[in-house]
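Before any comments, here is the structure.
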Protein chains: 2
Amino acid sequence: MKEHVEVTIYDIAEKLNLATSTISRALKDHHSISKKTIEKVKKTAKEMGYRPNNLAASLRSKKTKTIGVLLPTITQPFLSSLISGIEIASQKAGYNVIIMQSHDSYEEEVNLTQSLYNNRVSGVICSLAMQTQNTDHFQVFMDNNTPLVFVDRVPKHFSTFRVVIDNFAAGYKATNHLISQGCKRIAHLTVGSEFSIYHERKMGYLAALKDAGLTFEDELLVRLKEVTYEEAEKAANKLLDLKNPPDGVFTPGDILGVSVIQCAKKRGVKVPNALAVIGFNNDPISNIIDPNLSTITHPAEKMGKASAEIILKSLKSSKKDEVKEITFLNTEVLVRESSLR
Amino acid sequence: MKEHVEVTIYDIAEKLNLATSTISRALKDHHSISKKTIEKVKKTAKEMGYRPNNLAASLRSKKTKTIGVLLPTITQPFLSSLISGIEIASQKAGYNVIIMQSHDSYEEEVNLTQSLYNNRVSGVICSLAMQTQNTDHFQVFMDNNTPLVFVDRVPKHFSTFRVVIDNFAAGYKATNHLISQGCKRIAHLTVGSEFSIYHERKMGYLAALKDAGLTFEDELLVRLKEVTYEEAEKAANKLLDLKNPPDGVFTPGDILGVSVIQCAKKRGVKVPNALAVIGFNNDPISNIIDPNLSTITHPAEKMGKASAEIILKSLKSSKKDEVKEITFLNTEVLVRESSLR
DNA sequence: TTGTACGCGTTATCAA
DNA sequence: TTGATAACGCGTACAA
């Protein structure tokens with residue numbers, strides 16, 4: 001029977017007749033320790049089966065080398081790619097990533113925020129829950145100089161780092177593309193509150209209409225309860241049932257765009273000629289639906305990488321009086337079959 | 001300027017003229033502490049802005065309440081759903097999840113395993129890297145009674161918990177379904193080593209052919225370098241170029257199945273009548289491709305949940321002499337348009 | 001019901 | 001270049 005005992009630097013020190021401080025330093029290649037000692041220590045550490053205990057080190061040094069990530073969910077392609085980007089950049093720097101899902105619930109978000117703090121994460125990356133209006137629960141990180149980065153779904157009035165795309169510009173571009181394809185009656189689906197990214201995309205849509213001299217028609221703007229195929233199908237049916245149906249649709253997500261195409265196909269409405277469609281995100285499904293869905297690229301992995309790097313950089317710097325700048329990443333119109341006519 | 005100082009149980013103790021042990025207990029609703037004291041302690045803790053330090057608690061108690069998750073990648077729909085399941089079950093039990101990607105590299109997997117151990121995670125859930133043949137790097141968890149669960153891609157010869165589907169049976173079912181639809185020449189794409197799940201699916205395919213009295217033809221089995229659209233398209237072209245092309249294809253992944261359908265469509269080969277196709281996983285894209293791809297359901301979230309629950313249960317039990325059982329989850333044939341004729 | 005006192009494994013400070 | 005020793009913040013026997 002293998003009675004396991006934890007080998008500590010103390011055990012190594014005893015065996016080698018050295019001080020624990022020497023062992024600690026030797027294991028980290030501290031310059032003040034002779035090469036000979038370093039080698040000797042590392043060798044016996046290995047022999048004895050020594051395993052560093054990050055908990056003890058973190059407690060003492062007050063540095064956990066862990067980045068907390070708090071997202072609405074992780075199964076959306078955009079968000080899993082975002083995590084991937086965060087994880088890759090963190091791993092490269094020797095940082096771990098601890099992940100939590102708010103499931104778009106404000107309450108869960110508040111609780112998880114506490115939990116992240118209790119774990120004394122070195123930094124936090126967060127995309128806000130749909131429900132969240134108030135961001136006081138993040139104040140604790142500010143108070144402790146824990147770098148905090150909001151990504152994609154960011155608060156309006158809270159001075160922190162932010163990594164975003166220009167949702168207004170993207171909405172404008174998407175709508176403008178439809179206009180350039182000759183669409184005159186462009187519909188839009190929207191969702192969420194006036195603080196959401198969807199609101200900004202909608203504002204872009206409205207601005208593009210205006211700039212093109214197209215009058216906005218209320219019946220062409222449909223508000224959804226949530227981002228699902230079902231909700232989008234309902235909306236599409238409603239739009240196509242209009243006396244004067246739209247000849248183009250900009251949906252602020254690919255699930256919605258795909259659903260609109262499917263609905264149009266079912267009803268015999270030709271895409272793109274009778275109805276041009278453009279989505280958002282460049283999810284895998286957008287490239288599978290027939291006809292392929294035009295979309296707006298959303299650089300998920302890059303945004304994750306950028307967020308992590310901001311944290312890492314901030315940890316290296318003096319931490320005080322930092323400028324909490326906003327990082328904008330590019331989006332592009334990806335023209336595919338569903339809008340090309 | 002807000003000079004931040006950490007409020008500890010010691011500070012609370014001083015303020016209330018109580019012992020730290022009393023504070024510690026009161027904050028955890030220990031039964032030996034009077035209600036009055038508990039209330040008083042909690043109140044002043046809040047007032048003083050006390051925040052528990054999980055690091056210190058973990059160091060002391062040797063319990064981190066953290067589950068380490070080590071996966072090849074997290075962007076595949078199956079794996080992100082798996083994580084979601086793990087995260088939901090863990091969160092419910094007050095456990096955190098720390099996530100790492102091996103990117104299918106054996107070397108990275110070894111390193112990350114060390115890192116997980118150094119963080120003294122309470123349990124580990126792992127799906128092996130494609131490259132991994134040897135699992136000695138997990139021995140450290142065995143030696144320390146850290147519950148270890150392999151999920152989906154599990155090692156053949158290593159006595160731990162395993163949460164899997166029956167890949168052989170699933171491959172058999174998929175192939176058999178095609179046979180039931182009248183297919184006589186069924187092709188199969190495969191990938192990876194003889195230790196992979198793909199190998200088992202292939203064995204199921206072969207067994208189904210045999211049981212149906214269909215002779216296996218070598219030219220109908222195509223080996224891919226990796227699971228990508230491009231590789232599958234190459235394979236599909238090769239198959240359709242045959243003098244005697246197949247009338248059915250079983251692909252052990254939906255990306256492959258979708259790609260085969262796309263290739264067939266391009267070439268004017270009718271799916272399902274000229275070529276029936278069935279995939280694997282029930283990824284979102286399988287339900288978007290036209291015609292819809294029949295597939296094998298793969299209960300990702302359930303598997304994640306089951307894995308986490310095994311860890312949690314194991315942590316509660318005596319930890320010694322446990323039976324390291326294998327948990328099999330169900331798969332089903334999901335018949336859609338691509339194979340129905 | 002509450003208090004005393006020590007240890008978890010490491011790092012940091014100061015001294016040698 | 002190395003050593004002695006005190007923290008880091010909390011939990012837990014054991015005592016009161």
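Order of the sequence lines fixes the chain letters, A, B, ..., with proteins taken first and strands second; residue numbering starts at 1 for each chain. We use all heavy atoms of the structure for the numbers below, so side chains are in, but hydrogens, waters and symmetry mates are not.
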With respect to the side chain of [X], which nucleotide from [options] is positioned closest?
X: Ser32(B); options: dG11(D), dT1(C), dC8(D); value: dT1(C)
X: Lys28(A); options: dT11(C), dT10(C), dT2(C); value: dT11(C)
X: Ser24(A); options: dT11(C), dA4(D), dG11(D); value: dT11(C)

- prompt: Do the side chain of Arg25(A) and the base of dT13(C) come within less than 3.5 angstrom through a donor-acceptor pair of N or O atoms?
  reply: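 Counting by modelled atom types and ignoring angles, a donor-acceptor contact under 3.5 Å is found here.
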Integer-rounded Å distance: [N] [atom2] and [X] [atom1]:
X: Leu59(A); N: dC8(C); atom1: CG; atom2: C1'; answer: 9 Å
X: Arg120(B); N: dC8(C); atom1: CZ; atom2: C1'; answer: 11 Å
X: Asn119(B); N: dT10(C); atom1: CG; atom2: C1'; answer: 14 Å
X: Tyr117(A); N: dG9(D); atom1: OH; atom2: P; answer: 10 Å
X: Asn53(B); N: dA7(D); atom1: CG; atom2: P; answer: 18 Å
X: Arg60(B); N: dG9(C); atom1: CZ; atom2: P; answer: 10 Å
X: Asp11(A); N: dC8(C); atom1: CG; atom2: C1'; answer: 13 Å
X: Leu18(A); N: dA4(D); atom1: CG; atom2: C1'; answer: 13 Å

For [N] and [X] - does any side-chain N or O of the residue sit under 4.0 Å from the phosphate oxygens OP1/OP2?
X: Lys62(A); N: dG9(D); result: yes
X: Thr22(A); N: dG3(D); result: yes
X: Thr20(A); N: dG3(D); result: no
X: Tyr10(A); N: dA4(D); result: no

How would you label the contact of [X] with the nucleic acid (heavy atoms, under 4.0 Å): base, sugar-phosphate, or nothing?
X: Asn17(B); value: sugar-phosphate
X: His31(A); value: sugar-phosphate
X: Thr37(A); value: sugar-phosphate
X: Leu55(A); value: nothing

Is a side-chain donor-acceptor pair under 3.5 Å present for [Y] with [X]?
X: Asn54(B); Y: Asn119(A); answer: yes
X: Ser105(B); Y: His103(B); answer: no
X: Gln139(B); Y: Asp143(B); answer: yes

Checklist line | Test: Glu6(B) and Arg120(A) ion pair at under 4.0 Å | finding: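 Judged by the 4.0 Å cut-off on N to carboxylate O distance, Glu6(B) and Arg120(A) do form a salt bridge.
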Does any N or O in the side chain of Glu309(B) come within less than 3.5 Å of the main-chain N or O of Ala89(B), such that one atom is a donor and the other an acceptor?
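Not a single qualifying donor-acceptor pair exists.
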Report task. Using atom types as modelled and distance alone, determine if a side-chain donor or acceptor of Ser90(A) lies under 3.5 Å from a backbone N or O of Asn96(A). Result ->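 A pair under 3.5 Å: no.
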query: Considering heavy-atom distances to DNA chain C, does Ser61(A) or Ile33(B) have its closest nucleotide positioned more toward the 5' end?
result: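 Closer to the 5' end of DNA chain C: Ile33(B).
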### Message
Heavy-atom nearest nucleotide on DNA chain C for Pro52(A) versus Ile38(B): which residue maps closer to 5'?
### Response
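Whichever sits nearer the 5' end wins; that is Ile38(B).
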**Item:** Residue closer to the 5' end of DNA chain D, Ser21(B) versus Ala56(B) (nearest nucleotide)
**Value:**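 Result of the comparison: Ala56(B).
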